[in-house]
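In what follows, a single structure is set out as structure tokens and then discussed.
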Amino acid sequence: MDKALEKFGNDIAIAFSGAEDVALIEYAKLTGRPFRVFSLDTGRLNPETYRFFDEVEKHYGIRIEYMFPDAVEVQALVRSKGLFSFYEDGHQECCRVRKVRPLRRALKGLRAWITGQRKDQSPGTRSEVPVVQVDPVFEGLDGGDGSLLKWNPVANVDGKDIWNFLRAMNVPINSLHAQGFVSIGCEPCTRPVLPGQHEREGRWWWEDAKAKECGLHKGNLKEDGAAQVNGNGATTESDIFSSQSLVTLSRTGIENLAKLESRKESWIVVLYAPWCPFCQAMEASYVELAEKLAGSGVKVAKFRADGEQKEYSKNELQLGSFPTILFFLKHSAKPIKYASEKRDVDSLMAFVNALR
């Protein structure tokens, strides 16, 4: 903890979930260095968790930086699928809106973040968590692959030792722990565990016990277990790049776009796969790009290029890896491929402005 805070100063923050992550805050306090703490308020946490947040702030004399989901996205999800759709079609879509996207926004302002992940929390997904790693999913302040470091200082610490530390230091504890809750998330998706059950068994208990992750630590998942695959090789994971400012192109649509030698407008198109962690990492910046370019004469679009569309995309659309970004200029037949690994909105906007 001391090394992380010394190295990154104000460009690193502790991710606080309202459970035993208070140990991270205590460790940070013991270093004597200034530190930042942020938390994701999904809008569906237990009342006890909100009271716990308040206790922690008062105990340490800090202000937790809360990140909230986008109100329009939450409204669209609830209106179209109801308040409890995750019981029927899985928790990933709700978690994406309420947790993953707000986390992306938080991390885009940092160069590193600190988590309370431990190897013993989930043998199926966290058994290989390192103490320090290049974040495999999210982007940091500079944008692009490798722009964010992830510190997991208690990766090798046993859960029992964490609790012994918390009791010894007499720090605030979420009152839900005394009611049998061990791993604590949103109220509808968390329940107490029975004696002998693993702590993650209380999370999304109606789903596969081997993949108890919400997407915040998706890099933990092995590639062959990250998504379901249907018969034609396409994944069934929830779609990404969802915005009214974005055009969804079909195979016919992108074929027609590619054939035009003179277009009324320029188009920037991302070739993506919804299961790709690098596509997911650039989602927020690409949606922001679409919103900035609305009405500018540049259309922003997406084309799902995995599964049965992958071979066509490789042969005709310069697809090398996901994501591939193409700019179809107004008066040019051949699209220009975006070559940079930086996919933050400023870099993408600079690419567009340089060409249009």
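Side-chain atoms of Glu57 come within 3.5 Å of backbone N or O of Ile64 as a donor-acceptor pair. Formation of a donor-acceptor pair under 3.5 Å by the Tyr87 side chain with backbone atoms of Pro188 is found in this model. Counting only distance, with no hydrogens or angles, the side chain of Asn174 and the backbone of His177 share no donor-acceptor pair below 3.5 Å. At distances below 3.5 Å, at least one donor-acceptor pair connects side-chain atoms of Arg263 with backbone N or O atoms of Leu329. Thr190 places no side-chain N or O within 3.5 Å of a backbone atom of Arg203 that could act as its donor or acceptor partner. No donor-acceptor pair closer than 3.5 Å links the side chain of Asp161 to the backbone N or O of Val157. The closest donor-acceptor contact from the side chain of Ser80 to the backbone of Leu77 lies under 3.5 Å. In this structure a side-chain-to-backbone donor-acceptor pair under 3.5 Å is present from Arg104 to Gln280.
For Glu255 and Lys259, the salt-bridge test fails: no basic side-chain N is under 4.0 Å from an acidic carboxylate O. Between Asp70 and Arg101 there is no salt bridge, since no side-chain N of the basic residue sits under 4.0 Å from a carboxylate O of the acidic one. Classification of Lys3 and Glu6 as a salt-bridged pair holds, one side-chain N sitting under 4.0 Å from a carboxylate O. Using a 4.0 Å cut-off between a side-chain N of Lys or Arg and a carboxylate O of Asp or Glu, Lys342 and Asp145 do not qualify as a salt bridge. The residues Glu288 and Lys292 are annotated as salt-bridged, a charged nitrogen and a carboxylate oxygen being separated by less than 4.0 angstrom. At a threshold of 4.0 Å, the pair Arg98-Glu73 does not count as salt-bridged, since none of the basic side-chain nitrogens sits closer than that to a carboxylate oxygen.
Using modelled atom types and a 3.5 Å distance limit, the side chains of Asn46 and Glu187 yield no donor-acceptor pair.
Counting non-hydrogen atoms of other residues, nucleotides and ligands closer than 6.0 Å to NZ of Lys299 gives a total of 12 or fewer. Under a cut-off of 6.0 angstrom, the local environment of NZ in Lys337 is crowded, with over 12 non-hydrogen atoms contributed by other residues, nucleotides or ligands.
Closest approach of Asp239 to Arg96, counting heavy atoms only: O-NE, 4.2 Å. For the pair Pro172 and Phe52, the tightest heavy-atom approach, listed with the atom from each and the gap, is O-CE1, 3.4 Å. Of all non-hydrogen atoms in Asp344 and Glu139, the two that sit nearest each other are N-OE1, 4.0 Å. Between Val269 and Ile254 the shortest heavy-atom distance is CG1-CD1, 4.1 Å. Here the closest heavy-atom approach between residue Val137 and residue Ala281 is recorded as O-CB, 2.5 Å. Across Ile336 and Phe351, no two heavy atoms sit closer than the pair O-CZ, 4.0 Å.
Partner of Val287 under the side-chain contact (heavy atoms from CB on, under 4.5 Å) criterion, out of Val345, Leu246, Val300: Leu246 alone. In summary, of the residues considered (Val270, Ile240, Leu249), a side-chain contact (heavy atoms from CB on, under 4.5 Å) with Lys302 occurs for Val270 alone. The residue from Leu24, Ile14, Asn10 that alone fulfils the side-chain contact (heavy atoms from CB on, under 4.5 Å) condition with Phe35 is Ile14.
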Worksheet item: What do the steps show when you test Asn170 against Arg167 for side chain to side chain donor-acceptor pair (under 3.5 Å), and what is the final call?
Response: CA-CA 5 Å; Asn170 194 30; Arg167 294 186 185 100; over 6 Å; no

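Residue pairs that meet the side-chain hydrogen bond (donor to acceptor under 3.5 Å, both in side chains) test with at least one member in residues 310-330, sequence neighbours left out, do not exist here. Annotation: ring pair (Phe, Tyr, Trp, His ring centres under 6.0 Å) contacts involving residues 276-299, sequence neighbours excluded, comprise Phe241-Tyr286.
Residues Ile12 and Leu148 do not share a hydrophobic cluster, defined by chaining ILVMFWY side chains whose heavy atoms lie under 4.5 Å apart. Grouping the Ile, Leu, Val, Met, Phe, Trp and Tyr side chains by contacts below 4.5 angstrom, directly or via other members, places Val298 with Leu355. Under the 4.5 Å side-chain contact rule for hydrophobic residues, Phe181 and Ile173 do not share a cluster. Tyr60 and Tyr50 fall within the same hydrophobic cluster, defined by Ile, Leu, Val, Met, Phe, Trp and Tyr side-chain heavy atoms under 4.5 Å apart, directly or through other members.
Using a 4.5 Å heavy-atom cutoff, the side chains of Val22 and Val56 are in contact. With a 4.5 Å cut-off on side-chain heavy atoms, Trp275 and Asp306 count as touching.
For the pair Arg33 and Phe8, the cation-pi criterion (under 6.0 Å, within 45° of the ring axis) is not fulfilled.
When the salt bridge (charged side-chain N to carboxylate O under 4.0 Å, His left out) test is applied to Glu265, no partner is found at least two apart in sequence or on another chain.
Put simply, CH2 on Trp113 and CG on Leu110 are 10.0 Å apart, with the number rounded to the nearest 0.5 Å. Atoms CD1 and NE2, on Ile25 and His59 in that order, are 9.5 Å from each other to the nearest 0.5 Å. Between the CE atom in Met1 and the CD atom in Glu26 there is a gap of 10.5 Å [rounded to 0.5 Å].
Using cut-offs of 30° and 60° on the angle between ring planes, the pair Phe68 and Tyr66 is tilted.
Separation of the Tyr272 and Phe322 ring centroids does not fall under the 6.0 Å cut-off.
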